Amino acid sequence: MIRFPHLRRDFAASLVVFLVALPLCVGVAVASGVPAELGLVTGIVGGIVAGLMPGSSLQVSGPAAGLTVLVFEAVRQFGLAALGVIVLAAGLLQLLMGALRLGRWFRAISVSVVEGMLAGIGLVIIAGQLYAAAGLKAPASGIDKIAGLPEALVRAVGSTEALASLGVGAATIAVMVLWKRMPKRARAVPGALAAVLLATLASLAFGLPVATVEVQGLLGAIQPPGADAFGQLAQPAVLGTVLAFALIASAESLFSAAAVDRLHDGPRTEYDKELIAQGAGNTVCGLLGALPMTAVIVRSSANVQAGAKTKASRVLHGVWLLLFAALLPSVLELIPLPALAGILVHAGWKLIPFRQVVLLWAAYRGEALILVVTAVAIVAVNMFEGVLIGLALSVAKTAWEASHVKLEVIDKGAGPVRAYLSGNATFLRLPKILDSLEALPQDRPVELDLSGLHHVDHACRTALENWAERHSAADTEPVRVTAP
C-alpha cells in the first residue's frame, strides 16, 4: 500500500466506471450495427491499452456515442469486415499526428463547431434510436430518419409488439432522468445500469414481446481484418472515412481531456501524448475488428467523481470489462434492445447544448449560427461533410472579423482630397473600399495614404493600384500613394 497509496480509492472508482461503461459499451455497439461484444472489446482496449499510456491520467476511453452515426454508415457502406482496417488506419494516423506534435492544434478548433458536431450527432442518434425503441428499421439518412418519425409512430400504435417495445424504451429513459432524485445510497448504482437492470427484470417478469441482444461470444465476435479489407483502402470513400474517424475521434478525445482537467487538481493532460495513446488504442481495436475508441466524458467524469487519483482506476475498469465479457457473456442475451435504445436517446439528448446555444445567441450570434448550421448540415448531409461546412464557416467568420479596415476621407473644399486607410485590407473588404474610392471627385487631386494598414493582401494591393491608375487617367494630377 506504500507503493500504491491511492489503490483503495482507485479500486472503488474502477468499479463505478465499469458499471457506467458496461451498458454504454453494449448500447453503442448495437446502435452502430455491430455485435454487442465488439463494444466491450473497445472498452477493454480503452481501459487497458490506452489506460496504461501517458497523456491524461484520469480520462477514460471506450466506444463513444459521438461516433455511432459514422460507424453505422461505414458498416452499412463498406461492410463489417472493412471496419477493422478503417479503425486500424485511423489509429495509425492518430499515432502519426501525435508524433508530429499536432495534438495541441486540435485546441484551436472552434468550440462552436465541436458543439454543433455533437448537437448534430445527438439529433441523428435520437431519431435513429426512436425507431429502434419501437422495434422498427430506421431509414438511412438523418433527414429521412426525422421526416419518417410521424409515420413510424402511426405504425407503432397499430402494433402490440411495437407498443411494448416503446414502453420499455420510455421507461428506461424515465428511470435515467429520475435516478438523480433517488436517495444517495441508491445512486451508488449508475442510472444507466439501474435502468437496464429494471428493464431486463420487467421484460422477464411480464414476458414482454421485445427483442433482446444477440450474443456470439467474445472470440466469435472478434474478426481481424483480412487481405480483402486492406485492399479497400484504395477506395477514396474509405480513405475519407479513415480521415473522418481520425479527426473526429481526436477532436472529441482532446476536448474531453480539457473538460476533465477542469474537474480535478491532478496532473494536466499532455495533448500530444494523449493523442498517441488514443492512436495506440485504435490501432489495437482495428487489429481486433472492434469499434473505434475515444475518450468519453461520461465515464471520465464518473471516474473523477468516484475519487480516482491515478490511471490505475481506468486500467482496472478495463480488467472488469474483460472478466465480464469472458465469464458472463450470456447475461447480455437478457438485455432488451429498446432499453439500450433508451440509453442512447438519453445520451443523444445530452449531446445537444441547449444552454450554450442560448448563451451564444445572446453574446456571439455569429458563433451560435455556426453551431446551428453545423448541426443541421450533419443531419442533412453526413457527419464528415457537416463538420467541414462548420469549419469553413468558422474560418470565413474569423477572416471577415480580422479584415477590419477603416477609410477616412478629408476634403477641405480646396486642394487635394486626402484618403486614409487603416487596419487590415483584404479581398473580403475590397468592394467597400473601392466603392468609397470611386466616389471621390475626378476633378481634384487625390492623396491615398496607406501607412495605417497593418496588412494588405495581393488582391487588395492590385485593386488599389488599378484604381489609382484609372483615376489618374482623367485630366487631374496623378494619385499620390503613400505605401504602407
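Note that the structure is predicted; figures quoted are calculated from it, not measured.
Between L340 and V30, the shortest heavy-atom contact is CD1-CG2, 3.9 Å. Taking all atoms of both residues into account, the shortest heavy-atom contact from R314 to L58 is NH1-N, 4.3 Å. Shown here for F245 and A90, the closest heavy-atom pair between the two residues is CB-CB, 3.7 Å.
Side chain of D144 to backbone of P139: no donor-acceptor contact under 3.5 angstrom is found. Proximity of a side-chain donor or acceptor of R187 to a complementary backbone N or O of M182 within less than 3.5 Å is detected. Checking side-chain atoms of Y271 against main-chain N and O of R101 turns up no donor-acceptor pair under 3.5 Å. A distance-only check finds a donor-acceptor pair linking the side chain of T374 to the backbone of I370 [under 3.5 Å]. Checking side-chain atoms of D261 against main-chain N and O of R268 turns up no donor-acceptor pair under 3.5 Å. The backbone N or O of K145 lies less than 3.5 Å from a partner atom in the side chain of Y131, making a donor-acceptor pair. The backbone N or O of Q216 lies less than 3.5 Å from a partner atom in the side chain of E37, making a donor-acceptor pair. In this structure, the side chain of S203 does not engage the main chain of P336 through any donor-acceptor pair within 3.5 Å. Looking at S159, its side chain never comes within 3.5 Å of a backbone N or O of R155 through a donor-acceptor pair. Between the side chain of S32 and the backbone N or O of V28 there is at least one donor-acceptor pair closer than 3.5 Å.
Side chains of S253 and E274: a donor-acceptor N/O pair is absent below 3.5 angstrom, by distance only. The closest side-chain donor-acceptor pair between T294 and Q278, if any, does not fall under 3.5 angstrom. Between the side chains of T269 and S56, at least one donor N or O lies within less than 3.5 Å of an accepting N or O.
In summary, of the residues considered (V196, V345, I343, L193), a side chain to side chain contact (heavy atoms under 4.5 Å, CB included) with M176 occurs for I343 alone. Tested against S112, the residues L360, V372, L393 include a single side chain to side chain contact (heavy atoms under 4.5 Å, CB included) partner, L360.
To the nearest 0.5 angstrom, L38 atom CG is 6.5 Å from L80 atom CG. The distance from the CG atom of L118 to the CD1 atom of I248 is 10.0 Å, given to the nearest 0.5 Å. Between the SG atom in C285 and the CD1 atom in I222 there is a gap of 10.5 Å [rounded to 0.5 Å]. Interatomic distance, L83 CG to L88 CG, rounded to the nearest 0.5 Å: 11.0 Å. Distance check: Q235 CD to F78 CZ gives 6.5 Å after rounding to the nearest 0.5 Å. The line from CD1 of I86 to CG of N282 is 12.5 Å long, rounded to the nearest 0.5 Å.
For F354, the CZ atom is densely surrounded, since the number of other residues' heavy atoms within 6.0 Å is greater than 12. Within a 6.0 Å radius of NZ in K397, other residues, nucleotides and ligands contribute more than 12 heavy atoms. The 12-atom threshold is not exceeded at CH2 of W349, counting heavy atoms of other residues, nucleotides or ligands nearer than 6.0 Å.
Using a 4.5 Å cut-off on side-chain heavy atoms (C-beta onward), L334 and T212 make no contact. Between L359 and Y364 there is no side-chain heavy-atom pair separated by less than 4.5 Å. Residues K311 and D10 fail the side-chain proximity criterion, which asks for heavy atoms closer than 4.5 Å.
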